[in-house]
2 protein chains.
Amino acid sequence: MGSDQIIDRWVPQFRKGLLEFIILLKLQQGAIYGYELAVEIKKLTSIEVAEGTLYPLLNRLKRDCLVTSQWQTAEVGTPRKYYQITPLGLETLAKMKTTWTQTHNSIFNMVMQS
Amino acid sequence: MGSDQIIDRWVPQFRKGLLEFIILLKLQQGAIYGYELAVEIKKLTSIEVAEGTLYPLLNRLKRDCLVTSQWQTAEVGTPRKYYQITPLGLETLAKMKTTWTQTHNSIFNMVMQS
DNA sequence: CCTTGCTACCTTGTATTGCTAGGTATGCTA
DNA sequence: TAGCATACCTAGCAATACAAGGTAGCAAGG
């Protein structure tokens, strides 16, 4: 097996957990609906989020009260469900930022030593 | 549920995949045995790797030919299984570094905007 | 001598979760 | 009116982190 196949299997694992972090970061900048979120994440991070990943994840965040959502209907177009970050979500996001920064620094040091 | 509990559940998810990366980074610096690897990872990154996580993961890396291993017995002490990184492992590690760097940059930009 | 604790390896079973593959529905455009 | 894009959702599969438990060697203290 070549390293490309190995990487293809590794990348989704690498993203696990990271996705929650990225979604909360994006939500911090304002309310957004699911489909647009996937497009934005792809644009910002080159990460393609499958819808089968995104919607269950958003529901998990909602279950844990990190986000809220409500339907928004317009005269034209299909209804959209907009998500907002909650105070608990902001608090959690702050801790994630700390964890992320610490882990990055550790790994960065290891990368530099090589 | 408080944000601390949420973080406690998030951190293991966040580490997924990252662990493989960290192990390969460490192996790049020289051969090492499992138990010492866990101690080193904790020292370097504050990540406590359970043995039930580490040994299956090392076997996965071996199955995929990213590392090799051999037993080393001494006159005293229990035998140790030393792991070395392979050329394929080094190749894979290089690609992981690229992915890591790109993802970090994207996230860093999002963190900065907030 | 024998219990405790540390080193050092391993396996089984459970819970979580990303993703594939499918479904529903609306509206625009050729 | 057919095709495509938008927009939401779910069921089931596969991968995997971890808790819990097991084996074994060795050192120190009672």
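All of these numbers come straight from a predicted model, not from anything done at the bench. Below, chains carry the letters A, B, ... as their sequence lines are ordered, and counting in each starts from 1.
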Pair up each side-chain donor or acceptor in residues 41-51 of chain B with any protein partner under 3.5 Å, not counting sequence neighbours, and list the distances.
unit_1, atom_1, unit_2, atom_2, d
B:K43, NZ, B:E40, OE2, 3.1
B:T45, OG1, B:I41, O, 2.7
B:T45, OG1, B:I47, N, 3.3

Listed partners of B:Y55 passing ring pair (Phe, Tyr, Trp, His ring centres under 6.0 Å), at least two apart: none
What is the 5' to 3' range of DNA chain C, first to last nucleotide, that sits under 4.0 Å from any heavy atom of chain B? C:dT7 to C:dT17
Nearest-nucleotide comparison on DNA chain D, the residue closer to the 5′ end among B:T53 and A:Y83: A:Y83
pair B:L37-B:L58: side-chain heavy atoms closer than 4.5 Å: yes
Using modelled atom types and a 3.5 Å cut-off, is there a donor and acceptor pairing between side-chain atoms of A:T86 and backbone atoms of A:C65? yes
Taking it one step at a time, do B:R9 and A:D64 satisfy side chain to side chain contact (heavy atoms under 4.5 Å, CB included)? CA-CA 11 Å; B:R9 266 200 349 229; A:D64 293 345; 2.6 Å; yes
Base, sugar-phosphate, or nothing: which does A:W71 touch, judged by heavy atoms less than 4.0 Å apart? sugar-phosphate
Comparing nearest nucleotides in DNA chain C, the 5'-proximal residue of the pair B:P56, B:R80 is B:R80
Would you mind reporting whether A:Q72 and A:Y82 have side-chain heavy atoms less than 4.5 Å apart? yes
Side chain to side chain contact (heavy atoms under 4.5 Å, CB included) between A:R15 and B:T103, worked out: CA-CA 9 Å; A:R15 287 177 189 162; B:T103 306; over 6 Å; no
Using modelled atom types and a 3.5 Å cut-off, is there a donor and acceptor pairing between side-chain atoms of B:T73 and backbone atoms of B:P79? no
Holding to side chain to side chain donor-acceptor pair (under 3.5 Å), I want the full list of residues that pass it with A:T98, two or more places apart in sequence or in another chain. none
B:W10 side chain to A:G17 backbone, donor-acceptor under 3.5 Å: yes
For B:E36, answer base if it contacts any base atom (sugar-phosphate contacts may also be present), sugar-phosphate if it contacts only those atoms, and nothing otherwise; contact means non-hydrogen atoms under 4.0 Å. nothing
Interface limits on DNA chain D, where chain A has a heavy atom under 4.0 Å of a nucleotide atom: D:dT6 to D:dT16
Tell me, do A:K95 and B:I6 make a side-chain contact under 4.5 Å, heavy atoms counted? no
Got a minute to check which stems DNA chain C is part of, using Watson-Crick or G-U wobble pairs under 3.5 Å, three or more consecutive? C:1-30 with D:1-30
Base, sugar-phosphate, or nothing: which does B:G34 touch, judged by heavy atoms less than 4.0 Å apart? sugar-phosphate
